[in-house]
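Remember, it's 1-based here, ligands and their atoms both numbered in the order they're listed. Counting begins at 1 with the first residue of the sequence.
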Amino acid sequence: MSLEGKVAIITGAGQGIGRGYAHGFSDAGAAVVVADINLSNAENVVEEIVNRGGRAIAVHVDISSETAVKTMVARVVEEYGTIDILINNAALFSALKMKPFTEITVTEWDQVFAINTRGTFLCVREVTPVMKANGGGRIVNISSGVVDDGRPNYLHYLSSKSAINGMTRGLATELGEYGIGINTLSPYGIATEVPRETISESQWSGIVQKQALHVKGSTDSMVGAALFLADEAASFITGQTLHVNGGTLYH
Ligand SMILES: NC(=O)c1ccc[n+]([C@@H]2O[C@H](COP(=O)([O-])OP(=O)(O)OC[C@H]3O[C@@H](n4cnc5c(N)ncnc54)[C@H](O)[C@@H]3O)[C@@H](O)[C@H]2O)c1
């Protein structure tokens with residue numbers, strides 16, 4: 001996969017899977033925008049990429065804010081002149097507390113939707129004028145396998161990610177005429193360098209045993225699928241959901 005000459009915004013790339021995408025896209029030749037609400041993490045990832053000979057900038061953004069997303073897009077156009085790829089990866093995820101739905105407050109519910117769902121919509125809305133002017137582009141929205149297995153105590157997160165699956169389909173129908181392809185990538189059970197309380201060690205063992213492929217998913221497990229959906233190789237694929245889960249859920 002070669003992304004030579006392409007400019008890719010990867011939101012939430014300051015850590016975890018997004019950081020993996022940032023390295024993978026840089027290795028494939030793209031200039032990478034490491035966009036995150038945590039600027040110092042984003043700057044660290046940029047330093048890692050630049051030390052390996054890649055091209056990247058760190059941009060501070062809160063994707064739930066319309067103004068901040070507009071500012072991010074303007075900054076990228078100012079720096080690189082264009083935007084070819086958007087990986088809509090940022091989410092309230094590893095920092096989120098699981099709890100029975102009866103205990104989820106309206107404030108928590110709205111915060112999860114503001115970031116995971118509205119943030120995804122805002123990033124698509126603001127990058128597409130640039131892509132339209134270019135004659136095309138590739139967008140990947142990140143959902144989750146919990147949408148399909150209905151994990152308990154995750155209703156705010158699961159519902160916010162369910163909306164992504166539908167959003168991608170609707171957007172595909174509106175963006176196709178501009179040569180913009182948009183798909184959903186749905187991970188499940190991906191371990192990263194970030195510790196999280198939502199999966200215990202025994203749950204990890206259960207997940208790996210349930211998978212057809214008995215290996216623990218890692219950020220590397222996600223990068224190839226994201227590169228494929230962002231590449232010309234996937235140019236006739238839009239509005240679809242690609243599941244990356246080692247064979248846990250089948251579609
Ligand atoms: N790791 C998994 O097993 C798994 C499974 C299914 C889906 N996912 C999805 O994959 C994506 C990445 O997962 P991860 O494990 O790396 O998550 P993570 O929680 O480690 O990283 C999320 C990143 O998003 C950033 N972020 C949070 N709120 C933001 C905001 N308002 N604006 C900008 N940036 C913001 C964080 O600072 C962080 O860098 C998420 O969308 C997650 O929901 C992950």
Starting from [atom], what is the nearest protein heavy atom, named by residue and atom, and what distance separates them?
atom	answer
atom 14 (P) of ligand 1	F93 CD2, 3.8 Å
atom 40 (C) of ligand 1	N89 O, 3.3 Å
atom 29 (C) of ligand 1	I37 CG2, 3.8 Å
atom 42 (C) of ligand 1	Y157 OH, 3.5 Å
atom 39 (O) of ligand 1	D36 OD2, 2.6 Å

Is it true that [X] and [Y] make a salt bridge, defined as a side-chain N closer than 4.0 Å to a carboxylate O?
X	Y	result
E48	R19	yes
E108	K99	yes
K6	D231	no

Would you mind listing which atoms of ligand 1 come within a distance below 4.0 Å of any non-hydrogen atom of [X]?
X	answer
I115	28 (N), 31 (N)
G16	16 (O)
V61	32 (N), 33 (C)

Are more than 12 heavy atoms, taken from residues, nucleotides or ligands other than [X], located less than 6.0 Å from that residue's [atom1] atom?
X	atom1	value
E197	CD	no
Y250	OH	yes
R55	CZ	no

May I ask whether [X] has any heavy atom positioned less than 4.0 angstrom from an atom of ligand 1?
X	value
R196	yes
I142	yes
G189	yes
N41	no

Give yes if a backbone or side-chain nitrogen or oxygen of [X] is under 3.5 Å from a nitrogen or oxygen of ligand 1, and no if not.
X	value
A90	no
T192	no
S64	no
Q15	yes
N38	no
I190	yes

On a heavy-atom basis, I'd like to know which of [options] is closest to [atom].
atom	options	value
atom 27 (C) of ligand 1	A114, A91, G12	A91
atom 31 (N) of ligand 1	D62, V69, I199	D62
atom 6 (C) of ligand 1	G217, S218, P187	P187

Ligand 1-proximal atoms of S143, by part, heavy-atom distance under 4.0 Å: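 Backbone only.
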Partner of T168 under side chain to side chain contact (heavy atoms under 4.5 Å, CB included), chosen from I139, L185, N141, N88: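 Answer after filtering I139, L185, N141, N88: N141.
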Among L3, V140, I10, I9, the one residue meeting side chain to side chain contact (heavy atoms under 4.5 Å, CB included) with I85: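 With I85 as partner, side chain to side chain contact (heavy atoms under 4.5 Å, CB included) holds for just one option, L3.
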4.5 Å side-chain heavy-atom contact, [X] and [Y]:
X	Y	result
M72	C123	yes
V130	T82	yes
V7	E79	no

Side-chain donor-acceptor contact under 3.5 Å, D148 with Y188: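 Short answer, no.
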Which atom of Y157 lies closest to which atom of S144, heavy atoms considered: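 Looking at all heavy atoms of both residues, the closest pair is OH-CB, 3.6 Å.
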